[in-house]
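Below: one structure, written as structure tokens.
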Amino acid sequence: MATAGKVIKCRAAVAWEPTAPLMMEEIEVAPPQEGEIRIKVVATGVCHTDLYHLFEGKDKRGFPTVLGHEGAGVVESVGPGVTDFKPGDKVIPLFLSQCGECKFCKCPKTNLCDRNWSSKYHDIMSDPTTRFTCRDRPILQFMGTSTFSEYTVINQIAVAKIDDDAPLERVCLLGCGISTGYGAAVNTAGVTPGSVCAVFGLGAVGLAAVMGCKNAGASRIFAVDINEQKFEKAKVFGATDFLNPKAYNKPISEVLAEMTNGGVDFSLECVGNTEVMRTALESCVKGWGVSVLVGWTDVKDFSARPIQLISGKTWKGSLFGGFKSKDSVPNLVCDYMTGKIKLDEFITHKMSLEQVNDAINLMKTGQCIRCILNISK
């Protein structure tokens, strides 16, 4: 392409500091270096992890940055040493890399990668190496991706090539939320046919977890949220029972125990709240219950009574649904295109990049499941 090897000036939504509105800026995006790919971003979802970094993490070392990590686009150019991608390829950036060479990538028990940005910089949620500048200042690339920009540069170990026919404005959701929740159920929890499940939190991740429980053959799926307006949406993905913790004068774990003869087989916490994490564990049946932490947070400690685990329950965590990213995302795209998993039903709003602050407010106030930002044509 005509822009190959040149600096590209483009629009991006820059977060200059914590809690402040994002600012539309013209940024400079450098050409890709060894092993890197420059991508024209077509569409991106707004995920709660973007809001977490902006409003909850508040570590000033992670700013200024371009947020966004749930995108899809087209390869504009490739750097030296890149052989598996070419200009024009449809791709999904990955916040979780898969180098294929480290001890974690070679181990079938995990989807972690030793070369991921989070190995050293999880506290600021960005590698200090960046291809972005604005007003002569380096701008961090959030979670190694930064999809709130018309162009981004990413290491090839954190990019998945997908089907040429895939609709980018939908499959972008597989870059984080839907893969995370769905995989937490089918991979990490290992939901079994006929089992009873409870999903805490009915945002996109929680609804995807409901979908995972349904596809895995669960016979009963409790959808738990304080916002009852989300219950109808949860029904679309397979939930069978609906509970609002505020509607009871006793802990919701006790309510679930009474309704399920001792507790659920599997519970998934999809809020990122440490108190809800404990509740989800306490909602499991003793002996074999499995509870999975899915919601992202790193600002508080969590706790539980030891008897919860001594009695035979298992407490697990899930990152990106346990999927090895480069291997799995193309398959998930195919699953969507063949009807095995839903994506369209998660999308409640569509906006332009200039409306990013409106989209953030919708998510912050619980008025949307997923808003898709149209970045470029």
- Item | Ser291 and Ser267: CA distance, side-chain angles, deciding distance, side chain to side chain donor-acceptor pair (under 3.5 Å) verdict | CA-CA 5 Å; Ser291 187; Ser267 69; 2.8 Å; yes
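- Under the 4.0 Å criterion applied to side-chain N and carboxylate O atoms, Arg131 and Glu28 are not assigned as salt-bridge partners.
- Asp50 and Gly45 make their closest contact through OD2-O, 4.4 Å (heavy atoms, listed as atom of the first residue, atom of the second, distance).
- The shortest distance between side-chain heavy atoms of Phe104 and Cys113 does not fall below 4.5 Å.
- With 3.5 Å as the limit, one finds no donor-acceptor pair spanning the side chains of Gln141 and Trp117.
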- Would you check, one step at a time, whether the test ring pair (Phe, Tyr, Trp, His ring centres under 6.0 Å) holds for Phe95 with Phe320? CA-CA 9 Å; Phe95 74 86; Phe320 198 56; 5.4 Å; yes
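- Judged by distance alone, the side chains of Ser352 and Asn374 never bring a donor and an acceptor atom under 3.5 Å apart.
- Side-chain polar atoms of Glu56 and Thr297 form no donor-acceptor pair below 3.5 angstrom.
- With values rounded to the nearest 0.5 angstrom, Leu202 atom CG is found 6.5 Å from Lys230 atom NZ.
- Closest approach of Ile139 to Thr130, counting heavy atoms only: O-OG1, 2.6 Å.
- Judged purely by atom type and a 3.5 angstrom limit, Thr348 has no side-chain atom pairing as donor or acceptor with the backbone of Cys368.
- Taking the side chain as every heavy atom from C-beta outward, His69 and Pro93 never approach each other to under 4.5 Å.
- For the residue pair Thr279 / Glu282, no side-chain donor-acceptor distance below 3.5 Å is found, with atom types taken as modelled.
- Not one N or O on the side chain of Asn116 forms a donor-acceptor pair closer than 3.5 Å with the backbone of Leu112.
- A cation-pi arrangement, defined by a distance under 6.0 Å to the six-membered ring centre and an angle within 45 degrees of its axis, is absent between Lys342 and Tyr336.
- A distance-only check finds a donor-acceptor pair linking the side chain of Thr338 to the backbone of Asp335 [under 3.5 Å].
- No side-chain heavy atom of Phe148 sits less than 4.5 Å from a side-chain heavy atom of Val14.
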Taking distance alone, no hydrogens or angles, what donor-acceptor pairs closer than 3.5 Å link side-chain atoms of residues 155-174 to residues at least two apart or in another chain?
from, atom 1, to, atom 2, distance (Å)
Asn155, OD1, Ile157, N, 3.0
Asp163, OD1, Asp165, N, 2.7
Arg170, NE, Asp344, OD2, 2.9

- Query: side chain to side chain contact (heavy atoms under 4.5 Å, CB included) between Val41 and Thr152: does it pass, once the steps are laid out?
  - Reply: CA-CA 7 Å; Val41 181; Thr152 188; 4.0 Å; yes
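- Clustering of Ile, Leu, Val, Met, Phe, Trp and Tyr by side-chain heavy atoms under 4.5 Å joins Met277 with Leu281, Leu293, Phe302, Leu309, Trp315.
- At a cut-off of 3.5 Å, with distance as the only test, a side-chain donor of Gln308 or Lys313 sits close to an acceptor on the other residue.
- Within a 6.0 Å radius of CD1 in Ile226, no more than 12 heavy atoms belonging to other residues, nucleotides or ligands are found.
- Between atom NZ of residue Lys214 and atom CE of residue Met211 there is a gap of 12.5 Å, rounded to the nearest 0.5 Å.
- Using a 4.0 Å cut-off between charged side-chain N and carboxylate O, Arg220 and Asp241 make a salt bridge.
- Nearest heavy atoms, Ser126 versus Met143: OG-N, 4.0 Å.
- Taking the six-membered ring where tryptophan is involved, the planes of Phe231 and Phe242 are tilted, since the angle between them lies from 30° to 60°.
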- Message: Could you go through Lys364 and Phe55, starting from their C-alpha distance and side-chain angles, then the distance that decides it, and tell me whether this counts as side chain to side chain contact (heavy atoms under 4.5 Å, CB included)?
- Response: CA-CA 10 Å; Lys364 190 177 180 181; Phe55 297 111; 3.6 Å; yes
- Please step through side chain to side chain contact (heavy atoms under 4.5 Å, CB included) for the pair Thr19 and Leu54, ending with a clear verdict. CA-CA 5 Å; Thr19 72; Leu54 189 61; 5.9 Å; no
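- Remark: side-chain polar atoms of Gln98 are paired, donor with acceptor, to backbone N or O of Lys326 under 3.5 angstrom.
- Here the side chains of Asn261 and Val285 are not in contact, with every heavy-atom distance at 4.5 Å or above.
- In this structure, OG on Ser195 lies 5.0 Å from CZ on Phe266, to the nearest 0.5 angstrom.
- Glu269 contributes a side-chain N or O that, together with a main-chain N or O of Gly272, makes up a donor-acceptor pair within less than 3.5 Å.
- Other residues sharing a hydrophobic cluster with Ile310 under the 4.5 Å side-chain heavy-atom criterion for ILVMFWY residues are Ile307.
- Distance check: Lys324 NZ to Thr110 OG1 gives 6.0 Å after rounding to the nearest 0.5 Å.
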- Item | Check against side chain to side chain contact (heavy atoms under 4.5 Å, CB included), Arg135 and Ile27 | CA-CA 8 Å; Arg135 304 184 193 176; Ile27 69 169; over 6 Å; no
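- Other members of the hydrophobic cluster containing Ile252, listed by chain and number, are Val196, Phe200, Phe222, Val224, Leu243, Tyr248, Val255, Leu256, Met259, Val264, Val271, Val276; membership follows side-chain contacts under 4.5 Å among ILVMFWY residues, whether direct or relayed.
- Scanning for side chain to side chain contact (heavy atoms under 4.5 Å, CB included) contacts around Lys6 gives an empty result, with sequence neighbours left out.
- Considering every non-hydrogen atom in both Glu70 and Thr147, the closest pair reads N-OG1, 3.6 Å.
- The existence of a salt bridge linking Glu232 and Lys235 is confirmed by a sub-4.0 Å separation between a basic side-chain nitrogen and an acidic carboxylate oxygen.
- Rounded to the nearest 0.5 Å, atoms SG (Cys334) and NZ (Lys340) are 11.0 Å apart.
- At distances below 3.5 Å, not a single donor-acceptor pair connects side-chain atoms of Ser149 with backbone N or O atoms of Ala12.
- Partners of Lys86 according to the side-chain hydrogen bond (donor to acceptor under 3.5 Å, both in side chains) rule, which considers only residues two or more places apart in sequence or in another chain, are Asp89.
- Shortest non-hydrogen contact noted between Ile37 and Val82 is CG1-CG1, 4.2 Å.
- Few gaps surround CD on Glu345; more than 12 heavy atoms of other groups in view lie less than 6.0 Å from it.
- To the nearest 0.5 Å, atoms NE2 (His53) and NE2 (His48) are separated by 13.5 Å.
- Under a 3.5 Å cut-off, the side chain of Glu17 and the backbone N or O of Ala15 do not form any donor-acceptor pair.
- Note on Arg11 versus Glu150: salt bridge recorded, some NZ/NE/NH1/NH2 to OD/OE distance being below 4.0 Å.
- Taking the side chain as every heavy atom from C-beta outward, Ser328 and Ser179 never approach each other to under 4.5 Å.
- Put simply, the side chain of Phe346 reaches to within 4.5 Å of the side chain of Leu207, judged on heavy atoms.
- In this structure a side-chain-to-backbone donor-acceptor pair under 3.5 Å is present from Thr240 to Ile221.
- Looking at Ile154, Thr145, Val329 one by one, the single match for side-chain contact (heavy atoms from CB on, under 4.5 Å) with Leu94 turns out to be Val329.
- A heavy-atom distance below 4.5 Å is found between the side chains of Asn215 and Ile341.
- Nearest heavy-atom pair, Gly71 versus Ile92, reported as atom, atom and distance to 0.1 Å: O-CG2, 3.5 Å.
- Within the 4.5 Å cutoff, the side chain of Cys270 has heavy atoms near those of the Val199 side chain.
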